[in-house]
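Counting from 1, the numbers follow the sequence of the chain as shown.
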Amino acid sequence: MGQYIPPLRDIQFVMHELLDTEGTLKQMPAHADMDVDTINAIVEEAGKFASSIVFPLNQSGDLEGCTLNGTEVTAPKGYKEAYKQYVEAGWASLSCDPEYGGQGLPISLNNALYETLNSASIAWTMYPGLSHGAYDCLHEHGSDELKGLYLPKLVTGEWTGTMCLTEPHCGTDLGLLRSKATPNDDGSYSITGTKIFISSGEHDMAENIIHLVLARLPDAEKGTKGISLFVVPKFIPNADGSLGERNPVFCARLEHKMGIHSNATAEINLDGAKGWLVGQPHKGLQAMFVMMNAARLGVGMQGLGLTEISYQNARTYAKERIQMRALSGAKNPEKEADFIIAHPDVRRMLLTQRAYAEGARAFTYWMALEIDKELSHPDEAVRKAAADNVALLTPIIKAFLTDNAFECTNHGVQVFGGHGFITDNGMEQYVRDARITQIYEGTNGVQALDLLGRKVLGDMGAKLRAFGDIVKAFVEEHGVNPAMQEFVNPLGDIGDKVGKLTMEIGMKAMQNQDEVGAASVPYQRVVGHMVFAYFWARMAKIALEKQDQDDFYKAKLATARFYFAKLLPETAGYIRQARAGVASLNEMQDDWF
């Protein structure tokens, strides 16, 4: 089964030494009372809950899976009890609005909670995670009546939520969806249709499930502009919040999947189910984007969680497993062979995992602070700049971190060798679980298109230049420090290359839009590395200054050097791929495949 030890020292390093989370939050009246001790106490308790309550269920839940009886689903043994403890401890309400019973704490803390939960079990964590997305969507777009009825129960966690988007024929292309919504005399709507791949779509962990469903009104035009959003509860609540009649929204089947076995991925049939409009008619996709963007950030956190847990267990194994002698001579002559951590390729895999985990932690925690600024900062200019950063970098969070996670969980299996391929040690589960993170909430190819086509070229590169200015300011400030040259020079270089590459692709796209599709995936890798290089340079600066204090900083500095020496250089190949354009893709005729 392995182990999970919450990486509290590195979390605290990122939150306090790198990001000054306390100082940033004190600029916001809503969070002015936050201090380091409070932040640390909450993060420590989150880690304890994740490691002691959720992590022990991960492998057993994967082996047992969910059980469908008729239209009712039972979660694996222990899941319901763990969720009850989660609710009773108040974790569900951590960053929710106090008006509806929430604690009103910053997103930054909720983010730290979800890192630990995702390392413990992404399948279990999806149940409360999707509920939080449903809360966000209703909080922003629901009427006062809907918010008053549904938010208090979602905030406490007594009810859970889902997002019902896609259908068997449409996949990512939601403009093709066929679900219908017909007005009823009482102000509700009758919803009919079939939704697939609905995570947490049916289960016994909470007394009610609140589905957010996309459907078309009778007068809707074709395409995405004709989609509306509805709240469709499993049980229709009475005015006092108690449960009323069972709504005809049922689980028809559970998907048999490669991974995340213990999350109920359901096919949901709506047979005249009652729903209530959320937001404006025909504006449902815009409203749902609140939940979709939250989910994309959440999936990025799944990537971080899986990278961290795979690294922890691979590291432990590499320090205990003996195989062969080191090429440079025996490292443990008293033993019949050396520990495999002595072998360069094992060290490469472990350092890749570590560099991607720690880089992702710095990036995602910074992003959470940007969301706090966007929501709560008193300065409108600061809110706008933060919102632009969040919009620009959400596709990077989702795609870059999950691509890295799949690579890193495979490294974890490789470190274990044959013992990683078998089920007993739990390493192969992380690979299977990581694979879906590259697919759902918009495949990583779609995220790359979103980044290049919409977020970068869509505003003529304005948001990208603004983030580039942050990078340039760091380079200019620390470029005169000889000790920082090994980090600042490659950071400045990749920043310049991103600017030139963006301009080149933009010019090509003016002649042929397919150039965007041909360049987008390698372009996303290049920009992702620019972001990681920026945070690794910042972390290296701190480590240089404090390396004589303890080994934590020496290890941070060594990992930074590995990142710049061994991982960042892959951008050279990706730049060549992006520049190569669409010609070699289109030379092959369809019927030649």
Side-chain angles (χ1 to χ4, degrees), residues 1-19 21-22 25 34-59 61 78-79 81-95 103 105-129 132 157 297-298 300-316 353-354 356-369 401 405 408 412 426 430 433 550 552 555-556:
M1 186 176 87
Q3 64 177 359
Y4 172 57
I5 301 171
L8 297 178
R9 179 67 183 88
D10 200 56
I11 290 174
Q12 291 167 352
F13 166 80
V14 170
M15 296 189 86
H16 306 312
E17 298 177 67
L18 178 67
L19 300 178
T21 298
E22 177 191 28
L25 292 174
M34 295 301 300
D35 57 43
V36 170
D37 290 340
T38 301
I39 292 169
N40 286 348
I42 292 172
V43 171
E44 288 169 13
E45 287 303 312
K48 288 177 184 177
F49 181 85
S51 59
S52 64
I53 304 299
V54 178
F55 176 71
L57 301 173
N58 187 52
Q59 190 172 30
Y79 270 46
E81 292 75 15
Y83 185 73
K84 182 181 179 182
Q85 290 180 262
Y86 175 86
V87 170
E88 290 176 346
W91 292 116
S93 66
L94 198 66
S95 63
Q103 299 178 53
L105 295 175
I107 299 296
S108 311
L109 283 173
N110 207 58
N111 190 68
L113 165 67
Y114 272 87
E115 181 197 333
T116 62
L117 291 176
N118 279 314
S119 281
S121 173
I122 74 165
W124 184 93
T125 302
M126 288 167 69
Y127 292 101
H132 198 81
L297 295 170
M301 294 305 297
Q302 291 179 341
L304 166 56
L306 287 164
T307 301
E308 173 66 31
I309 186 66
S310 182
Y311 166 66
Q312 285 192 20
N313 285 278
R315 175 189 61 196
T316 299
Q353 292 178 304
R354 181 172 183 137
Y356 278 146
E358 293 181 6
R361 184 170 297 116
F363 179 22
T364 56
Y365 281 49
W366 175 85
M367 188 79 143
L369 264 183
L401 270 59
C408 289
Y430 299 132
D433 287 353
D550 63 51
F552 172 86
K556 183 69 70 176

pair [X]-[Y]: side-chain heavy atoms closer than 4.5 Å:
X    : Y    : value
N58  : Y4   : no
I122 : L306 : yes
Y79  : S121 : yes
C408 : S310 : no
Q12  : V43  : no

Listed partners of T116 passing side-chain hydrogen bond (donor to acceptor under 3.5 Å, both in side chains), at least two apart: none
Residues in side-chain hydrogen bond (donor to acceptor under 3.5 Å, both in side chains) with T125, at least two apart? none
Thinking salt bridges, do R9 and E358 make one under a 4.0 Å N-O criterion? no
For this output row, return yes or no: ring centroids of Y83 and Y127 closer than 6.0 angstrom. no
Which residues share a salt bridge (Lys or Arg N to Asp or Glu O under 4.0 Å) with [X], sequence neighbours left out:
X    : value
R361 : D10, E115, E308
E22  : none
E81  : none

Closest non-hydrogen atoms of Y430 and I309, given as atom of the first, atom of the second and distance, are OH-CG1, 3.3 Å
Under the ring pair (Phe, Tyr, Trp, His ring centres under 6.0 Å) test, which residues partner Y365, sequence neighbours left out? none
Can you measure from CD1 (I42) to CG (L109) and round to the nearest 0.5 angstrom? 5.0 Å
